There are 2 protein chains.
Amino acid sequence: MSTTAETPRRSLHQEQIVDAALALLDEGGIENLTMRRLGDRLGITAAALYWHVSSRQDLLVLAADTVWGRTALPGIQDLPWRRTVLEMAENLRSMLLRHPWLLTAMTIQALDGPARDRYEEHLRAVCETSGLTPRDAEQAVHSIVTFAIGAALAATPRPYVSFGLESIIDGLAARRPTGC
Amino acid sequence: MSTTAETPRRSLHQEQIVDAALALLDEGGIENLTMRRLGDRLGITAAALYWHVSSRQDLLVLAADTVWGRTALPGIQDLPWRRTVLEMAENLRSMLLRHPWLLTAMTIQALDGPARDRYEEHLRAVCETSGLTPRDAEQAVHSIVTFAIGAALAATPRPYVSFGLESIIDGLAARRPTGC
DNA sequence: ACCTGAACACCGTTCAAGT
DNA sequence: ACCTGAACACCGTTCAAGT
């Protein structure tokens, strides 16, 4: 009835569309997401999707940020900072392994949405709280995210992943005033 | 005239096709490589391409290995091993930045061909020659390749790349009997 | 041995038209 | 406000038929 109720209604529809798109992506990768197939699954014409979403690319951007948003963020002070950083790296890597189409999408266009920003911001906060300078915390975010993404894309086996991450964390720790 | 001359003739044709495919890929990314467009550029029907190549995927595999093969391999003992490893990582990263479609292709299917094997073999040899155990040299290959691929995909800025690579190399050096 | 033409089963996107 | 139908300009791949 009220005018303010209209916007949420519309984004509800969009949420259903993004959920269905995510299902198609997880089932068969990026080439499985087709406007016609997505329409079929929602009982709608492919053309009708363009009322809710501006393009297939737009849909991929929305799907990407949705998935970033589902990556768990551990408590900032619950564990020693090294363990927390390791956990965040592992969460990111396993998220990318569960949704390989996200790697494909990232290679086609830069995908930074609010949920990714939130993840990186959290990682930086973990490092700063632990005594790293802001500069080194920024270093940490870039190095850890880079390695986690690389590990997912290269399908790097587990033990090799741990070694690389721990080397990077050691490199960061060496820069703290207190040392380790 | 001789029967032995036939095989090279055919792969010459294939080489021209792969070169033209590479041009399309470098110009406009993976979605710019179209059988019809590639045919046009070679003065041939799209259907005719299937005589030389079994599918578009096959063409991508051939293009990928061609590009791996063009990555320069530095001399094994010309520089201190750390510098050589850094150089190989940088060569890989800049190759991937020059051919971003290769990252896309890697996310869609595993792409290990002879040229990639050769690159990784060389990197392992550099590490083993420097005194790393075979196990640690294997660690080195995985960590360095993982990080270089991640840096290309995440578009990690230069200084952050150096820090990550050097941390990994420090971690490797610490495992040598002689220390650093 | 190598290539064409036509066909099949698809794509993303637009847009007039309906309700 | 939301959806359909038809259309446009594309795709990869197959296959009979040509030379």
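Chain naming here is simple, since letters A, B, ... match the order of the sequence lines and numbering starts at 1 in each. Just so we're clear, the structure is a prediction, and the values are computed from it rather than from any experiment.
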Secondary-structure notation, DNA chain C, from Watson-Crick and G-U pairs under 3.5 angstrom (| other strand): ||.|||||...|||||.||
Could [X] and [Y] be called an ion pair, given the rule that one side-chain N must be under 4.0 Å from one carboxylate O?
{"X": "A:Arg82", "Y": "A:Asp170", "value": "yes"}
{"X": "B:Glu120", "Y": "B:Arg116", "value": "yes"}
{"X": "A:Glu31", "Y": "B:Arg56", "value": "no"}
{"X": "A:Arg118", "Y": "A:Glu121", "value": "no"}

Separation of [N] [atom2] from [X] [atom1] (nearest whole Å):
{"X": "B:Leu24", "N": "D:dC11", "atom1": "CG", "atom2": "C1'", "value": "15 Å"}
{"X": "A:Arg56", "N": "D:dC11", "atom1": "CZ", "atom2": "P", "value": "15 Å"}
{"X": "A:Gln14", "N": "D:dC2", "atom1": "CD", "atom2": "P", "value": "12 Å"}
{"X": "B:Ile17", "N": "C:dC3", "atom1": "CD1", "atom2": "C1'", "value": "12 Å"}

Does a side-chain N or O of [X] approach OP1 or OP2 of [N] to a distance below 4.0 Å, or not?
{"X": "B:Trp51", "N": "C:dC3", "result": "no"}
{"X": "A:His13", "N": "D:dA1", "result": "no"}
{"X": "A:His52", "N": "D:dA1", "result": "no"}

Just compare D:dT4, C:dT13, D:dT14 and give me whichever is closest to any side-chain atom of A:Ser55.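 Between D:dT4, C:dT13, D:dT14, the one nearest the side chain of A:Ser55 would be C:dT13.
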Do the ring planes of B:His13 and B:His52 sit parallel (below 30°), tilted (30 to 60°) or perpendicular (above 60°)?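 Because their plane-to-plane angle is over 60°, the rings of B:His13 and B:His52 count as perpendicular.
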State plainly whether one hydrophobic cluster holds both A:Ile108 and A:Trp68, where clusters connect Ile, Leu, Val, Met, Phe, Trp and Tyr through side-chain heavy atoms under 4.5 angstrom apart.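 Unlinked, A:Ile108 and A:Trp68 end up in two clusters.
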On a heavy-atom basis, which atom in B:Ala21 and which in B:Leu59 lie closest, and how many Å separate them?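 Looks like CB-CG, 4.1 Å.
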Does B:Glu90 form a salt bridge (Lys or Arg N to Asp or Glu O under 4.0 Å) with B:Arg93? I'd like the steps, not just the answer. CA-CA 5 Å; B:Glu90 193 48 52; B:Arg93 174 172 159 270; 2.6 Å; yes
Please round to the nearest 0.5 Å and tell me the distance separating atom CD1 of B:Ile44 and atom CE of B:Met35.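 That separation rounds to 10.5 Å.
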Looking at residues 28-45 of chain A, who's got a heavy atom less than 4.0 Å off DNA chain D?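 Per residue number, the list reads A:Ile44, A:Thr45.
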